[in-house]
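Notes for the one structure printed next.
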Amino acid sequence: EVQLVESGGDLVPAGGSLRLSCKASGFDFSKKPLAWFRQAPGKEREGVAAIGYDYQLVYEESVKGRFTISRDNVQGTVFLQMSSLKPEDTAMYYCAARTAFSYNRYRLLESDHYDAWGQGTQVTVSS
């Protein structure tokens, strides 16, 4: 059974930092692309950052230079280091994996490209 379990969400002041973690199991982690998405109330889910099995990195424009995605293939964990947080970063953050055989490296920030999702972890940034 594929499982993705996020942790690390919290309430932080603007300008602060957080590190999100997503522990994965049930699939060949090291060979699959992974991503972080977020969804704020009343808004659509958006891709924030993605990392290919070959460590290709993709970031949404508003988080470039502030967020860093990384993966530990031994631990089966993907991380999202967030710094210089802004109130507009407030959202539920989801970890996603594409466990299918192939993937499109040009679609790494598209939610429908992923077939496994975690339950989410809440990030709230106060002004």
Side-chain angles (χ1 to χ4, degrees):
E1 179 187 5
V2 174
Q3 284 193 323
L4 299 170
V5 181
E6 303 97 332
S7 62
D10 206 345
L11 169 64
V12 295
S17 299
L18 273 179
R19 188 193 198 203
L20 305 183
S21 300
C22 173
K23 175 68 174 176
S25 61
F27 63 99
D28 194 349
F29 182 88
S30 66
K31 297 181 180 178
K32 304 300 180 183
L34 307 156
W36 287 95
F37 288 77
R38 66 185 179 187
Q39 188 167 21
K43 295 189 176 181
E44 293 188 359
R45 188 171 298 189
E46 66 172 352
V48 175
I51 183 167
Y53 79 95
D54 57 356
Y55 295 86
Q56 173 197 4
L57 302 177
V58 184
Y59 292 98
E60 192 271 329
E61 193 64 33
S62 70
V63 307
K64 285 182 179 178
R66 299 190 299 123
F67 291 11
T68 302
I69 188 171
S70 61
R71 63 190 297 160
D72 184 327
N73 289 339
V74 175
Q75 294 186 32
T77 303
V78 59
F79 304 97
L80 185 67
Q81 179 68 48
M82 306 185 293
S83 60
S84 302
L85 283 162
K86 304 175 182 179
E88 51 263 46
D89 294 318
T90 295
M92 184 70 78
Y93 282 70
Y94 298 91
C95 172
R98 179 171 172 88
T99 66
F101 178 74
S102 63
Y103 75 96
N104 187 329
R105 64 191 292 110
Y106 300 106
R107 296 188 60 206
L108 292 182
L109 290 184
E110 297 180 22
S111 60
D112 61 358
H113 193 54
Y114 293 87
D115 53 23
W117 293 85
Q119 294 299 306
T121 186
Q122 178 67 39
V123 172
T124 303
V125 184
S126 62
S127 57

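Annotation: Glu88, atom CD; neighbour count of heavy atoms from other residues, nucleotides and ligands within 6.0 Å is above 12. Under a cut-off of 6.0 angstrom, the local environment of OH in Tyr55 is crowded, with over 12 non-hydrogen atoms contributed by other residues, nucleotides or ligands.
With contacts defined as side-chain heavy-atom distances shorter than 4.5 Å, the pair Pro33/Ile51 does not qualify. A heavy-atom distance below 4.5 Å is found between the side chains of Ile69 and Tyr59. Gln81 is not listed as a side-chain neighbour of Ser70, based on a closest heavy-atom distance of 4.5 Å or more.
A donor-acceptor contact shorter than 3.5 Å is absent between the side chain of Ser127 and the backbone of Pro87. Within the 3.5 Å criterion, the main-chain N or O of Val78 finds no donor-acceptor partner in the side chain of Arg71. A donor-acceptor pair is defined here as one N or O able to donate and one able to accept, closer than 3.5 Å; such a pair exists between the side chain of Asp115 and the backbone of Thr99. The backbone N or O of Arg66 sits less than 3.5 Å from a side-chain atom of Ser83, completing a donor-acceptor pair. At distances below 3.5 Å, at least one donor-acceptor pair connects side-chain atoms of Asn104 with backbone N or O atoms of Tyr106. For Glu6 (side chain) and Cys95 (main-chain N/O), a donor-acceptor pair under 3.5 Å exists by modelled atom type. Using modelled atom types, no side-chain atom of Arg107 and backbone atom of Ser111 make a donor-acceptor pair closer than 3.5 Å.
Separation of the Phe29 and Tyr53 ring centroids does not fall under the 6.0 Å cut-off. For Phe37 and Trp117, the distance between ring centers is under 6.0 angstrom.
To the nearest 0.5 Å, atoms CG (Leu80) and SG (Cys22) are separated by 10.5 Å. Interatomic distance, Lys23 NZ to Ser7 OG, rounded to the nearest 0.5 Å: 11.0 Å. Taken to the nearest 0.5 Å, the CD atom of Gln75 stands 8.5 Å off from the OG atom of Ser21. Separation of atoms CZ (Arg19) and OG1 (Thr68) is listed at 11.0 Å; rounding is to 0.5 Å. Taken from CD in Glu46 to CD in Glu110, the straight-line distance is 13.5 Å, to the nearest 0.5 Å.
Residue Val123 comes nearest to Gly9 through the heavy atom pair CG2-CA, 4.1 Å, listed as atom of the first residue, atom of the second, then distance. Between Ala91 and Ala40, the shortest heavy-atom contact is CB-N, 3.8 Å. Considering every non-hydrogen atom in both Ala116 and Val2, the closest pair reads CB-CG1, 3.7 Å. The heavy-atom pair separating Leu85 from Leu18 by the smallest distance is CD1-N, 4.0 Å. When all heavy atoms are compared, the tightest approach of Ala24 to Leu4 is CB-CD2, 3.4 Å. Across all their heavy atoms, Glu60 and Leu109 have their closest contact at N-CD1, 3.7 Å.
Asp54 pairs with exactly one of Lys31, Arg105, Lys32 by the salt bridge (charged side-chain N to carboxylate O under 4.0 Å, His left out) rule, that one being Arg105.
Cluster membership for Phe79 and Tyr114, using ILVMFWY side-chain heavy atoms within less than 4.5 angstrom, is not shared. Tyr94 and Leu34 fall into different hydrophobic clusters, defined by Ile, Leu, Val, Met, Phe, Trp and Tyr side-chain heavy atoms under 4.5 Å apart, directly or through other members. Val5 and Leu20 are members of different hydrophobic clusters when ILVMFWY side chains are connected at heavy-atom separations under 4.5 Å. Under the 4.5 Å side-chain heavy-atom criterion for Ile, Leu, Val, Met, Phe, Trp and Tyr, Leu57 and Leu108 are members of distinct hydrophobic clusters. One hydrophobic cluster, built from ILVMFWY side chains closer than 4.5 Å, cannot hold both Met92 and Val48; they sit in different ones.
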For a side-chain hydrogen bond (donor to acceptor under 3.5 Å, both in side chains) check, start with the C-alpha distance between Arg38 and Tyr93, then their side-chain angles and the critical distance, and finish with the verdict.
CA-CA 4 Å; Arg38 66 185 179 187; Tyr93 282 70; 3.0 Å; yes
